[in-house]
Amino acid sequence: MTREAFETNKIGNRLHVVRDGAEALDFLFRQGDHADAVRPDLILLDLNLPKRDGREVLEQIKTTPELSMIPVVVLTTSSAEEDILRSYHLHANAYVTKPVDFDQFIAAIHKIDEFFVTVVRLPRHHDQN
């Protein structure tokens, strides 16, 4: 759905999609098949990932100095207060509950892109290999 939302909004940013939390960490830490991965400028993170859930991935991101400055938007189906609180406690930059309706989901992706790419000024990251 996220890929389709990027295409519908004509978002020019490169989108990398991983299957589960373990692969997300491999991508971010440039391990295994992702040894040549680029550092993302923004991470859209689902909490309900197989293998290693999004909370664990978020904690790893925010406790690793070379990753901690990357903004993380939790984009998930959960609207549970404990998930919201825990995500912010783990230093998520934003928490968005995925709309069920596809048109609303597209609008939410557009707003995230507009805010984090157009409005917000992010620090430049220096790719470390």
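Between D46 and K98, the shortest heavy-atom distance links the atoms OD2-NZ, 3.3 Å. Taking every heavy atom of both residues into account, S78 and T97 meet most closely at O-OG1, 3.5 Å.
At a threshold of 4.5 Å between non-hydrogen side-chain atoms, the residues L47 and V74 count as touching. Residues L42 and I112 form a side-chain contact, since some pair of their non-hydrogen atoms from C-beta on lies under 4.5 Å apart. V18 has its side chain out of reach of L49: every pair of non-hydrogen atoms, C-beta onward, lies at least 4.5 Å apart. Looking at heavy atoms from C-beta onward, Q60 lies out of side-chain contact with L67 at the 4.5 angstrom threshold. Two residues are said to be in side-chain contact when any heavy atoms from C-beta on lie closer than 4.5 Å; L28 and I43 meet this criterion.
Residue pairs that meet the ring pair (Phe, Tyr, Trp, His ring centres under 6.0 Å) test with at least one member in residues 33-56, sequence neighbours left out, are F27-H34. Screening residues 53-63 for salt bridge (Lys or Arg N to Asp or Glu O under 4.0 Å), with sequence neighbours left out, gives R52-E56, D53-R55, R55-D83. Screening residues 16-25 for salt bridge (Lys or Arg N to Asp or Glu O under 4.0 Å) gives R19-E23, D20-K51 as the qualifying pairs, with residues at least two apart or on separate chains.
For the atom pair CG (L45) and CG (L75), the distance works out to 9.0 Å, reported to the nearest 0.5 Å. The distance from atom CG of L90 to atom OG1 of T63, rounded to the nearest 0.5 Å, is 9.0 Å.
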### CA sep, side-chain torsions, deciding dist, call: I109, L44, side-chain contact (heavy atoms from CB on, under 4.5 Å)
CA-CA 10 Å; I109 293 293; L44 301 177; 4.2 Å; yes

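Partners of E82 according to the side chain to side chain contact (heavy atoms under 4.5 Å, CB included) rule, which considers only residues two or more places apart in sequence or in another chain, are A80. Partners of F115 by side chain to side chain contact (heavy atoms under 4.5 Å, CB included), not counting sequence neighbours, listed by chain and number: V119, V120. With sequence neighbours excluded, no residue forms a ring-ring contact (aromatic ring centres under 6.0 Å, His included) with Y95.
Under a 3.5 Å cut-off, the side chain of N93 and the backbone N or O of V73 do not form any donor-acceptor pair.
In this structure, Y88 is a member of the same hydrophobic cluster as I70, with clusters built from ILVMFWY side-chain heavy atoms closer than 4.5 Å.
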